[in-house]
Amino acid sequence: MSRISLSRHLITQQHAGTISADLRLLIEVVARACKAISHAVSKGALGDIMGEAGTGNIQGEAQKKLDVISNEILLEANEWGGHLAGMASEEMEHPYQIPGQYPRGAYLLLFDPLDGSSNIDVNVSIGTIFSVLRCPDGMAGTEEAFLQPGTQQVAAGYTVYGPQTQLILTTGNGVFGFTLDREQGSFVLTQENIQIPTTTKEFAINMSNQRHWQAPVQRYIGELLAGKTGVRGKDYNMRWIASMVADVHRILNRGGIFMYPRDNREADKPGKLRLMYEANPMSFIVEQAGGAATNGYQRILEIQPEKLHQRVAVFLGSKEEVAQVTQYHQTDL
Ligand code: AHG
Ligand code: MN
Ligand code: MN
Ligand code: MN
């Protein structure tokens with residue numbers, strides 16, 4: 001069987017007119033940066049990549065060394081190619097302006113450079129998530145330019161650094177999966193048109209927050225836990241890796257629902273996950289794979305962002321389950 005590399009896949013898309021040459025270049029550069037991150041991750045204690053960086057980020061989190069390293073790798077790889085008007089990251093308070101000596105392009109790149117930071121030091125799967133928008137005409141890559149709903153994304157993807165490194169990508173034309181061939185140094189197409197199974201028996205939520213959940217989530221999870229004799233009529237299983245990339249990757253491959261609801265502790269905080277770096281790209285991928293993604297009330301992709309680091313409640317995965325928990329929120333109003 002002849003192998004199809006990421007480059008060949010992207011060239012085919014370009015020739016078919018579904019992506020521009022610049023978007024192809026952008027995705028290639030992001031993939032190259034992810035290879036470098038994958039390499040750093042795999043060094044573990046043998047490289048200077050574990051532990052705390054000793055700094056904090058705008059999210060109020062203590063940064064790990066790998067959060068900072070991954071952010072730098074992505075910035076350095078993407079700043080000089082001429083395809084970007086700006087970059088925004090979970091780890092930076094303000095958008096990164098393309099240095100004056102480099103050409104400017106038409107796209108905006110957003111990323112969560114290292115997702116699942118709490119798993120770095122224990123050798124559990126982590127990842128990188130990215131999203132691409134067009135820079136509105138006449139705008140520089142300032143915060144205002146980034147504040148577009150997820151429906152405007154032209155590409156989104158993630159890399160999971162697990163037993164294998166895999167890249168999952170959509171440009172609005174289905175979801176494709178690539179596995180990193182470490183000997184050749186290239187991503188090889190290993191999954192075409194990924195589709196999430198519509199029905200499932202698996203859910204993912206941090207159960208330790210149960211006492212803080214609001215009524216619709218209490219009701220929904222209560223019904224899943226009731227098992228065969230309850231209203232849902234089947235036994236459910238639970239998984240929680242605590243790396244969104246790894247949890248979503250499992251769901252993409254075998255179905256399920258991923259939840260990070262808003263809860264009663266956070267009157268001013270609608271959930272933990274970030275709309276622009278986590279929820280939007282994952283929602284785009286999940287919808288392209290035939291699944292659904294809401295914040296309990298509306299489609300995540302239709303939320304008009306007000307701030308770059310805005311947080312949002314997330315329910316995504318198999319359609320049937322997302323519809324159920326969304327209905328409980330809507331009827332609770
Ligand atoms: P990040 O490491 O990029 O800050 O994201 C962590 C997120 C997400 O990956 C995961 O689903 C969630 O936080 C885990 O939260 P809990 O620690 O509350 O389980
Ligand atoms: Mn973080
Ligand atoms: Mn994250
Ligand atoms: Mn992160």
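First listed ligand is number 1; within each ligand, the first listed atom is number 1. All residue numbers refer to positions in the sequence shown, counting from 1.
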Q) Is it true that L114 lies under 4.0 Å from ligand 1, counting heavy atoms only? A) yes

Q) Which pair of heavy atoms, one from S89 and one from N71, lies closest together, and at what distance? A) OG-OD1, 2.7 Å

**Q.** Those atoms of ligand 1 less than 4.0 Å from some heavy atom in Y260
**A.** 15 (O), 16 (P), 18 (O)

(Q) Are the side chains of S243 and D115 in contact, using a 4.5 Å heavy-atom criterion? (A) yes

(Q) Please list, in number order, the atoms of ligand 1 under 4.0 Å from a heavy atom of E278. (A) 3 (O), 5 (O)

Q | Presence of salt bridge, R219 and E223, under 4.0 angstrom | A | yes

Q: State, yes or no, whether a side-chain contact exists between R182 and T165 at a heavy-atom distance under 4.5 Å.
A: yes

**Q.** Where ligand 1 meets M244 - atom numbers and elements under 4.0 angstrom, heavy-atom basis
**A.** 8 (C), 9 (O), 10 (C), 11 (O)

Q: Output yes when the distance from some N or O of ligand 1 to some N or O of S118 is under 3.5 Å, and no in every other case.
A: no

Q.
Closer than 4.0 Å to some heavy atom of E61 - which atoms of ligand 1 meet that?
A. 4 (O)

(Q) Strictly under 2.8 Å, how many protein N, O or S atoms lie near the Mn ion (ligand 3)? Waters don't count. (A) 3

Q.
With no hydrogens and no angle check, just 3.5 Å: does a side-chain donor-acceptor pair link N253 and Q191?
A. yes

(Q) Looking at ligand 1, would L273 count as a contact under a 4.0 Å heavy-atom criterion? (A) yes

Q | Check: E90/Q59 side-chain N/O donor and acceptor closer than 3.5 Å | A | no

Q) Closest approach of I73 and A33, non-hydrogen atoms and distance? A) CG2-O, 3.5 Å

**Q.** Identity and distance of the protein heavy atom lying nearest atom 15 (O) of ligand 1
**A.** K272 NZ, 2.9 Å

Q) Counting each atom of ligand 1 from 1 as listed, which ones have a heavy atom of S117 under 4.0 Å away? A) 2 (O)

Q) Does at least one non-hydrogen atom of R274 fall below 4.0 angstrom from an atom of ligand 1? A) yes

Q. Where is the nearest protein heavy atom to atom 6 (C) of ligand 1: which residue, which atom, and how far?
A. D115 OD1, 4.1 Å

Q. Got an N/O contact under 3.5 Å between N209 and ligand 1?
A. no

Under 3.5 Å donor-acceptor pairs involving side-chain atoms of residues 135-146, not counting sequence neighbours:
residue : atom : partner : partner atom : Å
E143    : OE2  : L308    : N            : 3.2

**Q.** N or O pair under 3.5 Å between S243 and ligand 1
**A.** no

Q.
In terms of relative ring orientation, are Y328 and Y220 parallel, tilted or perpendicular, with 30° and 60° separating the classes?
A. perpendicular

Q. Do E278 and K272 meet the salt-bridge criterion of a basic N to acidic O distance under 4.0 Å?
A. no

(Q) In the structure I gave you, are the side-chain heavy atoms of I221 and M259 within less than 4.5 Å of one another anywhere? (A) yes

Q.
Looking at E52 and K65, is there a salt bridge between them, counting it only when a charged N and a carboxylate O are closer than 4.0 Å?
A. no

Q: Classify the ring geometry between H309 and Y277 as parallel (under 30°), tilted (30 to 60°) or perpendicular (over 60°).
A: tilted

Q) Do any nitrogen or oxygen atoms of G116 lie less than 3.5 angstrom from nitrogen or oxygen atoms of ligand 1? A) yes

Q: Decide whether an N or O pair under 3.5 Å exists between V245 and ligand 1.
A: no

Q. Side chains of F178 and I4: closer than 4.5 Å at any heavy-atom pair?
A. no

Q: Mark up the atoms of ligand 1 that fall under 4.0 Å of a heavy atom belonging to D112, in ascending order.
A: 3 (O)

Q: Consider ligand 1: state whether an atom of it lies below 4.0 angstrom from any non-hydrogen atom of W240.
A: yes

